[in-house]
Structures are given as C-alpha cells and as structure tokens.
Amino acid sequence: MTVRTRFSPSPTGMIHLGNARAALFSDLYAAKHDGHFILRIEDTDVSRSEIQFVESLQEDLHWLQINWQEGPGVEGQHGPYWQSQRQEIYGKYYKILEEKKLIYPCFCTDQELNLARKLQLSRGQAPRYSGTCRKLTEAEIAKRLSEGQKPAWRFSVPAHQTIEFTDTVKGLQQFKSDDIGDFIVRRADGTAPFIFCNAIDDAMMEISHVLRGEDHLANTPRQIMLLTILNLSIPKYGHLSLIVGDDGSPLSKRHGSFSVHEMRAKGFLPIAIINYLARLGHTCDTQELLPFAELAKHFQLDKLSRSPARFDPVQLMYWQKLAVQSLDIPAVWRWLGETIQNTVPENMRQLFAETIKANLEFPEDAAIWAKIFFHENVQLDEMEADIVREAGEQFFVEAELAVDKFGMDLPAILAEMKQTLGVQGKKLFMPLRAALTGKAHGPELAQIAHLLGAKKMKHRLSRAFKLASIQQASGTE
RNA sequence: GCUCCCUUCGUCUAGUGGUCAGGACAUCGCCCUCUCACGGCGAGAACACGAGUUCGAAUCUCGUAGGGAGCGCCA
C-alpha cells in the first residue's frame, strides 16, 4: 500500500507549534515509507479564512523543511487542494445520502439549538441534537421549503451501534452511536462543514494515514460512519496527544511565542525545531541532531506517546545550541541577518563568525559582540570595572607598552606582561578581557585582539588605565 | 453534567510480571581551561493513590484523585 498522509490546516491564523508537529509527523511518516505528503487547505469557513494566512502557512512549512508532494503549488492527481474549490464534489455525495434517506433537512434556528443545549446541560445530560426535525413529515418539509426556509442537513445517526476502530496511537477505540447526536453535514448555505468535507477529501485523495490532534478523536466515529455508508475508503487514524505548557494547561500565548513565524523571526533554526518536536511525545532512538531525512528514518508510529507532553523551552534551547554549533561559518554568517552583517567590516566577517560562534544562541547575541568589537568604546559594568581597578594602573601601562611592541599578537603580549608584571593566569587575562570587551565572559581573547586591532586595543587599555588610576587616587586619601 | 483520552526523576521518556527502574535535557560537584560555552567524569532525582490477581507488579484488573479533549450551521 502506498502511504499517503496529509496536513489540512484551516487558514485562520499563524501556524503554531502544535500544528507544525502534526504536519511534521505526517510528513516524516510519508517520507519514511516513500509515500506522498499532501497539503490541503481547508478554507471552507470563508468568514475566518484569509489568504495571507495561506501564504504564511506555506512559507512556515517550507522553512521547517516540511515539503508536500501534492498541494498548493504542486498540482497532482487529486486536486484541487483547496477545499473551497471542491464543493461540487460533495454535492454528489449529498445526493446519495439524500436518496438513501440518511440525511434530513433541519430547520432549527440557532436560538432554538442554543436553548436546547442549555436545557440539556442543566439537566446533566450531554448536549446533543434532539432530533426535532428528524420527525418532520414530507408535507411539513415541503411547506417550510416553499416558505423559503433554508435548512441545514443532518446525518441520521443510527441507533444502538458501536463504532470501532484501532487508533494507530491510542489503540482500540469504541464509541456508541447513541452518544452521538445527528450532526450537520451540509450548512444552510449549501457548503460542507469540516466533519464532512474533511472525511470525503481524505477518501478522494486516497489518504492512507491520518495523524491529527487528539481534539479530533471524537470526530472520528462520525467520519467513519459517513465513509462506511458512502462506501469510501477509511484511512487509518492516529491521534496525537496535545502539547501543553509548562503548567500543564493547553499551550497558548501565555507560555511565550510559539507561532512558527515568531520563532523564525527570533532566530530559531528549523533543524532545531524539528529535532525538538520529533522528540516531544515521540521516542527517537538516537540523541543526535538529525537532518529531516534521518528523522524520517527514525520515525515510528508505535513510538508516539499517548499522554500529553509539556513544551519545555529549555529543552528546545538545547537543540537550538546544537543546531547553531552544527552550522558552518558561511551558514552562521547568513543566519546572523542583514542588520548584524552590516555592522561587520568586510574583511572581518570570517574571523567574526568563527570567534563568536560558540557563544551564540540567537543572532541578537552576535549583535552584542558586533557592538563590542566594532564600536569605539565599551561600557564596563560594575563587576568588570572592579576587575580593572583591582589590576591597577601599572597593569595597563605595561599592557599598552606591550601592544606598542607586538601589535595585536596576543600571545606575545601575554608573554611580555608575564615577564614585566609577574602575573599570570586569571589575574593576567581577566583585566585584559574586562578592559578590551567590557565583559568577564566571552570568546577566545587572542581572536578578539585581531577583531579589535592594535589601535582600538590601546584606546581601551588607556581608558582602563584611567579607571584604575581614579581608584588608586581615591584609595590613598 | 455526559463521553472519551492520559498519569515513571523538575521536563521529554525507556520499560509490556522477576531491572541496583535505563537514557536525554535541566540542576549540583569535579576535571579541562584566561572567562563563558564546548567536552570528559560523577551525584542527587521518579513508577499519582488505594485495593485486588500473583511466589513476585511500574507492567494485569477494579476503584479514587488529578490533568486534558470532545459534546457547534468552528475546524
């Protein structure tokens, strides 16, 4: 059997980490089995769908390296891949259902429905369509239609049945049809709602495996009923447990920014995100940072966890660090982005990227170093100023002399200062580091020296000298 | 309220009747080292609770508690 999976977002917002995970898993599964991954845009809710979201969604997916073999921009055998363009397909099935008397028109208004729901809820019952319009006679229906009322159509859920299926993640599932109310399969305006078109499209597109959020679990028996009655093929369904925030509640803006778009803007690397996601609620038998193709090889449906997983930003950062370190220098340079690139002199690019790479998590970290290296002065914080004062005037006198003598050759400078001052180790390096960079921590000093150049080094050392002498003057009072 | 799903270190998880309950991230300590990071070594840290089945239960059964989802002319 050819594996065909799909991701079917509705373009009502930016793509989220949870969505991205469902898409990723679907793609990984297809890739693992040399199948097709299909992107289908479920834009049937015209009022909420926006074209801009369709575009950003595709962009985000591509950025994550989630690529579809059929879908928008990649036409295939089973198009169109926009649900809004598939409405006539559904018409055919409405006809069959109507002929078989499996659906009926419902004239109930929103108010009536809401009232009934509230009543049932207050009585401790599950809110379910009561079946008012199911009992309508032909004559009554004809009368209402002639009055110009526009009905929605509901599926007559059969009584006393058990719908069974084996979820590829959660195992055997059983639902009683008596727990399921007659649901709408066709809106009053003639369009098909999710439950219907999603199932029909999966069948039409010959989807073999559906991986979707657990929130769809209860929809599954309905869709199976429909497909069974229409004699269409039923995909294997697997329901992914949801991702929750660190407090166990559903992931939301409260927990930070988790739209793929924002993560991208922040500087997350796609490889970091997909490696993290592939190990969230899924066991991967290796701990290495893997490219997409490798991730696909290691993806297994039976390694999917049944329990909800917490999103852990710290663990994500681990993958981000690995991902950054795995980048080669040209890739680091590109990743830094234009703003930072513009602050680094052309001939310094290679050295700059090499020097700070190990200290980077995001491009914004590089911005700090670019400022330190290429702006005129550095600002010392209290701790760094203390280090400078403690070293004393003489330290910086000697340092300046050494720079005069050896330029930016730091090993030589250090050797000289070791001689003249008789200090070494931390006492030698820290004051220099503080004076030159304004920070107690950072990359290799020898490379920093080359980034700064002798002139800037002298300038900063003389400023450090002044700082140290003020301290000495006041200290002798 | 009803239906369904879930419950192993702080987090992600391995584990399918007999394990010193394993790994990763995080934390802490040591080493490496001019600092941070990297790397190496090590430590602390978990079977939600209660019954039952069994010679033996994280593993099977039933309850309880807690968390989540669904119950739309949204998807």
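Being a predicted model, the structure only gives us computed values, none of them experimental. Every chain is numbered from 1, with letters handed out A, B, ... down the list of sequences.
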(message) Only pairs with both distances under 3.5 Å count, Watson-Crick or wobble alike; so what is the partner of B:rU16 in this structure?
(response) none
(message) If I pick the P atom on B:rG15 and the same atom on B:rG23, what distance separates them, to the nearest angstrom?
(response) 15 Å
(message) Looking at A:Glu294 and A:Lys297, is any side-chain nitrogen of the basic one under 4.0 Å from a carboxylate oxygen of the acidic one?
(response) yes
(message) Counting only heavy atoms not in A:Glu364 (residues, nucleotides, ligands), do more than 12 fall under 6.0 Å from its CD?
(response) yes
(request) Report the residue (A:Gln83 or A:Pro443) whose heavy-atom-nearest nucleotide on RNA chain B is the more 5′ of the two. (result) A:Pro443
(message) Taking atom types as they are modelled, would you say the side chain of A:Glu444 forms a donor-acceptor pair with the base of B:rC34 within the 3.5 Å cutoff?
(response) yes
(request) Considering only atom P, compute the distance from B:rA24 to B:rG39 and round it to an integer number of Å. (result) 12 Å
(request) Identify whether any heavy atom of A:His216 sits under 4.0 Å from a base atom; if not, whether one sits that close to sugar-phosphate; answer base, sugar-phosphate or nothing. (result) base
(request) For B:rU13 and B:rC9, measure between their P atoms and round to the nearest Å. (result) 11 Å
(request) Would you please indicate yes or no on a ring centroid separation below 6.0 angstrom for A:Phe37 and A:Phe7? (result) no
(message) If I take atom CG in residue A:Asn114 and atom P in nucleotide B:rC71, what distance separates them, rounded to the nearest angstrom?
(response) 14 Å
(request) Could you tell me whether the side chain of A:Asn219 has a donor or acceptor atom within less than 3.5 Å of a complementary atom in the base of B:rA75? (result) yes
(message) Taking any heavy-atom pair under 4.0 Å as a contact, classify A:Asn359: base, sugar-phosphate, or nothing.
(response) base
(request) Assess whether atom NE2 of A:His298 is packed by more than 12 heavy atoms of other residues, nucleotides or ligands within 6.0 Å. (result) yes
(request) Taking only Lys NZ, Arg NE, NH1 and NH2, and the carboxylate oxygens of Asp or Glu, determine whether A:Lys439 and A:Glu384 approach each other closer than 4.0 Å. (result) no
(request) Give the rounded distance in Å between these two atoms: CZ of A:Arg222 and P of B:rC74. (result) 15 Å
(request) Kindly confirm or rule out a cation-pi arrangement of A:Arg222 over A:Phe155, judged by NZ or CZ under 6.0 Å from the six-membered ring centre and within 45° of its axis? (result) no
(message) Salt bridge or not between A:Asp285 and A:Lys303? Use side-chain N to carboxylate O under 4.0 Å.
(response) no
(request) Using the side chain to side chain donor-acceptor pair (under 3.5 Å) rule, pick out the option among A:Gln173, A:His239, A:Lys236 that qualifies with A:Asp167. (result) A:His239
(request) Sticking with atom C1', work out how far B:rU33 lies from B:rC25, rounded to a whole angstrom. (result) 24 Å
(message) If you assign A:Ala440 and A:Ala152 each to the RNA chain B nucleotide with the nearest heavy atom, which residue ends up on the more 5' nucleotide?
(response) A:Ala440
(request) Using atom CD of A:Gln424 as one end and atom P of B:rU35 as the other, report the distance to the nearest whole Å. (result) 13 Å
(message) Quick one about A:Thr191 and A:Arg187 (side-chain donor to acceptor, distance below 3.5 Å, no hydrogens or angles considered), yes or no?
(response) yes
(message) Considering every strand and a 4.0 Å limit on heavy-atom distances, what is the contact class for A:Arg186: base, sugar-phosphate, or nothing?
(response) nothing
(message) In this structure, how many angstroms lie between the P atom of B:rC25 and the CH2 atom of A:Trp319, rounded?
(response) 9 Å
(request) Would you mind classifying the nucleic acid contact of A:Leu445 as base, sugar-phosphate or nothing, using non-hydrogen atoms under 4.0 angstrom? (result) base
(message) Please report the distance, rounded to the nearest Å, between OH in A:Tyr318 and C1' in B:rU13.
(response) 14 Å
(message) Applying a 4.0 Å non-hydrogen cut-off, can you work out what A:Thr44 is touching in the nucleic acid: base, sugar-phosphate, or nothing?
(response) sugar-phosphate
Please list, pair by pair, any protein nitrogen or oxygen found under 3.5 Å from a nitrogen or oxygen in nucleotides 1-12 of chain B.
| from | atom 1 | to | atom 2 | distance (Å) |
| --- | --- | --- | --- | --- |
| B:rG1 | O2' | A:Gly124 | O | 2.1 |
| B:rC5 | O2' | A:Lys170 | NZ | 2.8 |
| B:rC5 | O2' | A:Glu214 | OE2 | 2.9 |
| B:rU11 | O2 | A:Gln315 | NE2 | 3.2 |
| B:rC12 | OP1 | A:Arg310 | N | 3.0 |
| B:rC12 | O3' | A:Gly281 | N | 3.4 |
| B:rC12 | O2' | A:Arg279 | O | 2.6 |

(request) Using whole Å, report how far CG of A:Leu304 lies from P of B:rU13. (result) 10 Å
(message) Between B:rU19 and B:rU8, how far apart are the two C1' atoms, rounded to whole Å?
(response) 14 Å
(request) Grab the CG-C1' distance between A:Asp182 and B:rC73 for me, whole Å please. (result) 14 Å
(request) Compare all side-chain heavy atoms of A:Met408 with those of A:Leu452 and state whether any distance is below 4.5 angstrom. (result) no
(message) Strictly by Watson-Crick or wobble contacts shorter than 3.5 Å, is anything paired with B:rU3, and which nucleotide is it?
(response) B:rA69
Name the pairs: protein N/O against N/O of nucleotides 21-23 of chain B, kept only if under 3.5 Å.
| from | atom 1 | to | atom 2 | distance (Å) |
| --- | --- | --- | --- | --- |
| B:rG23 | O2' | A:Gln287 | NE2 | 2.5 |

(request) Return the nearest nucleotide to the side chain of A:Arg433; candidates are B:rU13, B:rC25, B:rC34. (result) B:rC34
(message) Please confirm whether the ring centroid of A:His216 lies under 6.0 Å from the ring centroid of A:Phe194.
(response) yes
(message) Roughly how many Å apart are B:rC49 and B:rU11, using the P atom of each and rounding to a whole number?
(response) 15 Å
(message) Please report the distance separating the C1' of B:rC28 from the corresponding atom of B:rU61, rounded so that it comes out in whole Å.
(response) 42 Å
(message) Using Watson-Crick or G-U wobble geometry with both distances under 3.5 Å, which nucleotide pairs with B:rA46?
(response) none
(request) Please state whether the phosphate of B:rA14, meaning OP1 or OP2, lies under 4.0 angstrom from any side-chain nitrogen or oxygen of A:Thr283. (result) yes
(request) Return the nucleotide paired to B:rC30: Watson-Crick means purine N1 to pyrimidine N3 with N6-O4 or O6-N4, wobble means G-U with N1-O2 and O6-N3, both under 3.5 Å. (result) B:rG40
(message) Let's test this: given Watson-Crick or G-U wobble pairing with both distances under 3.5 Å, identify the partner of B:rC9.
(response) none
(request) Please measure how far the C1' atom in B:rA58 lies from the corresponding atom in B:rA48, and state the result in whole Å. (result) 12 Å
(request) Quickly work out the A:Phe155 CZ to B:rG72 P distance and round it to whole Å. (result) 16 Å
(message) Between A:Tyr94 and A:Phe196 (judged by ring centroids, cut-off 6.0 Å), do the two rings come close enough to count as a pair?
(response) yes
